[in-house]
Number of protein chains: 2
Amino acid sequence: MTEEAQQAENTEEKIRQVAKRLFTERGYNGTKIRDVAEEAGVNIALLNYYFRSKERLYESIVIENFQEYIGALSKVLNEPGLSLEERIRRYTAQMIDTLKANPDLAFFIMNEGRNNSGFCQRFMANHDAVVAESKMAEQLQSEAKVGAIRPIDMFMFDALLHAQLVMPFVQLPIWRQMERTRDVNFNEFLEQLKQTVPDMIMAYLRSKP
Amino acid sequence: MTEEAQQAENTEEKIRQVAKRLFTERGYNGTKIRDVAEEAGVNIALLNYYFRSKERLYESIVIENFQEYIGALSKVLNEPGLSLEERIRRYTAQMIDTLKANPDLAFFIMNEGRNNSGFCQRFMANHDAVVAESKMAEQLQSEAKVGAIRPIDMFMFDALLHAQLVMPFVQLPIWRQMERTRDVNFNEFLEQLKQTVPDMIMAYLRSKP
DNA sequence: GTCTATACTTCGATAGAC
DNA sequence: GTCTATCGAAGTATAGAC
């Protein structure tokens with residue numbers, strides 16, 4: 001039984017915690033309920049007693065992970081009193097810190113988008129609506145109208161920004177290995193990213209078409 | 001048996017083609033050799049006759065996929081007679097076209113980097129060495145020395161560029177679904193990307209620190 | 001609630017006939 | 001080379017005792 005399991009209040013929560021970690025790390029196919037049971041210090045029968053099946057257990061984890069992911073994003077989008085540039089910088093930093101706290105989350109969400117895209121779709125559609133009506137989108141539009149920045153499709157903007165923030169975490173295992181063989185450090189890279197990504201986006205927005 | 005299988009010259013190649021598609025789409029754990037056999041129009045015994053085991057079959061596919069992926073990248077890096085900006089634009093277009101031709105490749109490579117990072121590591125290390133000694137790297141450095149562009153770490157440059165090119169393909173299933181419900185088109189988006197990504201990178205490089 | 005024991009299913013691999 | 005038949009391992013789920 002792992003340390004995390006011992007700390008949980010009750011058995012159901014204990015199982016859920018282990019399952020969340022394993023599913024997030026290894027995906028649905030890569031996770032065996034035997035492993036979950038073992039690491040949680042219980043037996044398989046108990047998993048099915050609480051969650052009825054592997055699939056239902058997984059579903060509850062998916063929902064949790066999506067909420068965690070989207071929650072982080074939504075916060076900064078409408079925070080009052082920020083200039084466009086400040087908002088982009090805050091958004092970037094917030095996103096990186098969230099993923100830092102749960103590095104497998106990014107890959108899990110992506111994976112889910114491929115295997116179970118119906119489910120993922122609903123969450124993403126929801127998020128996109130939030131983005132489209134956000135203060136961020138409003139500022140992008142109004143600043144473009146005044147000619148302060150180059151006009152950009154909100155969709156494209158979101159895609160490019162996300163790509164730059166999410167990818168490093170997707171490649172994390174490769175980073176970990178490179179950290180041993182070369183003079184690179186993932187955390188330093190992330191701190192650089194917080195600077196470079198907003199710099200790059202602002203440079204683009206302020207450049208002439 | 002699928003159409004692709006019927007067209008193959010011999011049985012071994014037939015099996016390999018189906019396996020490549022399924023492994024690339026579904027990953028190692030998600031692919032069942034039963035499915036491969038069925039779609040190839042043969043039985044399981046024959047798979048093992050040719051490839052000895054699922055794992056060996058998979059390995060041969062991995063190698064093929066990596067070569068396809070890296071081959072596309074390497075081409076443009078040293079092509080003579082290109083300015084830095086031209087090279088970046090060519091590189092972008094080349095990458096997008098390669099992934100367009102095999103849309104699951106990007107995700108496969110990423111997935112591989114997580115599950116089998118030792119193997120992936122060797123390929124990536126190789127690629128990084130090629131990049132570091134490329135005409136692209138040389139131009140980035142010399143132009144920065146002259147003050148024509150802002151100095152940038154080759155590593156960071158590569159990461160940001162790749163992130164923007166690869167991510168759309170990783171999210172492709174979500175795109176496909178959105179294409180039905182909204183007024184978006186993946187191929188149009190890719191064409192826009194060919195313009196926007198180099199624009200953004202050049203804007204950054206030409207901006208003041 | 002929790003366990004043991006076991007049933008049921010899927011999967012990868014192989015023996016042996018042709 | 002290709003097939004049928006089958007084995008053994010691994011995985012999920014459940015019955016039933018406590």
Side-chain angles (χ1 to χ4, degrees), chain A residues 1-63 108 111-112 115-116 119, chain B residues 1-64 108 111-112 114-116 119:
Chain A
M1 194 181 340
T2 55
E3 199 181 329
E4 86 192 289
Q6 285 166 6
Q7 291 170 352
E9 325 154 346
N10 58 49
T11 306
E12 184 174 355
E13 192 49 33
K14 195 192 305 179
I15 295 172
R16 186 194 297 286
Q17 281 178 19
V18 173
K20 182 177 178 183
R21 183 167 52 77
L22 294 190
F23 276 133
T24 307
E25 271 177 33
R26 309 177 188 177
Y28 184 81
N29 284 326
T31 303
K32 313 300 170 191
I33 62 170
R34 274 192 154 76
D35 296 340
V36 177
E38 191 179 336
E39 291 205 33
V42 299
N43 56 51
I44 300 181
L46 213 50
L47 293 202
N48 288 310
Y49 170 73
Y50 281 113
F51 299 96
R52 183 137 187 85
S53 75
K54 177 185 180 182
E55 203 158 350
R56 279 173 195 264
L57 174 56
Y58 180 70
E59 279 168 18
S60 79
I61 303 298
V62 171
I63 294 175
F108 178 87
N111 211 359
E112 198 50 31
N115 301 333
N116 189 359
F119 185 84
Chain B
M1 196 184 334
T2 56
E3 199 181 330
E4 87 191 289
Q6 286 166 6
Q7 291 170 351
E9 325 154 346
N10 58 49
T11 306
E12 183 174 356
E13 191 50 33
K14 195 193 303 180
I15 295 172
R16 186 194 297 287
Q17 281 178 20
V18 173
K20 182 176 180 184
R21 184 167 52 77
L22 293 190
F23 276 133
T24 307
E25 272 177 30
R26 309 177 186 176
Y28 185 81
N29 283 328
T31 303
K32 314 299 170 190
I33 62 169
R34 279 194 153 76
D35 296 339
V36 176
E38 190 179 336
E39 291 206 32
V42 300
N43 56 51
I44 300 181
L46 213 49
L47 292 201
N48 288 310
Y49 170 75
Y50 281 114
F51 298 96
R52 191 149 174 76
S53 73
K54 176 185 181 182
E55 203 157 351
R56 280 174 195 261
L57 174 54
Y58 181 69
E59 277 167 19
S60 80
I61 303 298
V62 172
I63 293 173
E64 223 178 295
F108 178 87
N111 211 0
E112 198 49 31
R114 296 184 76 83
N115 302 332
N116 190 358
F119 184 84

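In what follows, chains are A, B, ... by sequence order, proteins preceding strands, each numbered from 1. FYI, side chains are in, hydrogens and waters are out, and symmetry mates aren't considered; it's all heavy atoms of this structure.
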Would you say the side-chain atoms of B/D35 pair up with the backbone N or O of B/E38, donor to acceptor, closer than 3.5 Å?
no
Heavy-atom donor-acceptor pair, B/N111 side chain to B/R114 backbone, under 3.5 Å:
no
Please tell me which of the listed nucleotides, C/dT2, C/dA13, D/dT2, lies nearest to the side chain of A/Y49?
C/dT2
Any idea which of C/dT14, D/dG1, D/dA13 is nearest the A/S53 side chain?
D/dA13
Name the pairs: protein N/O against N/O of nucleotides 8-11 of chain D, kept only if under 3.5 Å.
residue, atom, partner, partner atom, Å
D/dG11, N7, A/R34, NH1, 3.3

If the cut-off is 4.0 Å, is A/Y50 near the phosphate of C/dT2, judged by side-chain N/O to OP1 or OP2?
yes
Are B/N43 and D/dT2 close enough that a side-chain N or O sits under 4.0 Å from OP1 or OP2?
no
Measure the distance from [atom1] on [X] to [atom2] on [N] and round it to the nearest whole Å.
X: A/E55; N: C/dT9; atom1: CD; atom2: P; value: 17 Å
X: B/N29; N: C/dT10; atom1: CG; atom2: P; value: 17 Å
X: B/F51; N: C/dT14; atom1: CZ; atom2: P; value: 16 Å
X: B/R56; N: C/dT14; atom1: CZ; atom2: C1'; value: 15 Å
X: A/R52; N: D/dA13; atom1: CZ; atom2: C1'; value: 10 Å
X: B/N48; N: C/dA13; atom1: CG; atom2: P; value: 5 Å
X: A/L46; N: D/dT14; atom1: CG; atom2: P; value: 14 Å
X: B/L47; N: C/dG12; atom1: CG; atom2: P; value: 10 Å

Nearest heavy atoms of B/N48 and B/K54, plus distance in Å:
OD1-N, 4.4 Å
For A/N29, the side-chain contact (heavy atoms from CB on, under 4.5 Å) test, sequence neighbours excluded, returns B/N29
B/E59 with B/R56: basic N within carboxylate O range, under 4.0 Å:
no
Might you work through the side-chain contact (heavy atoms from CB on, under 4.5 Å) test for B/R16 and B/F51, ending with a clear yes or no?
CA-CA 9 Å; B/R16 186 194 297 287; B/F51 298 96; 4.1 Å; yes
Report which part of the nucleic acid A/I44 touches: base, sugar-phosphate, or nothing (heavy-atom distance under 4.0 Å, all strands).
base
Pair listing, ring pair (Phe, Tyr, Trp, His ring centres under 6.0 Å) test, anchored in residues 9-33 of chain A, at least two apart
A/F23-A/Y58, A/Y28-A/Y58
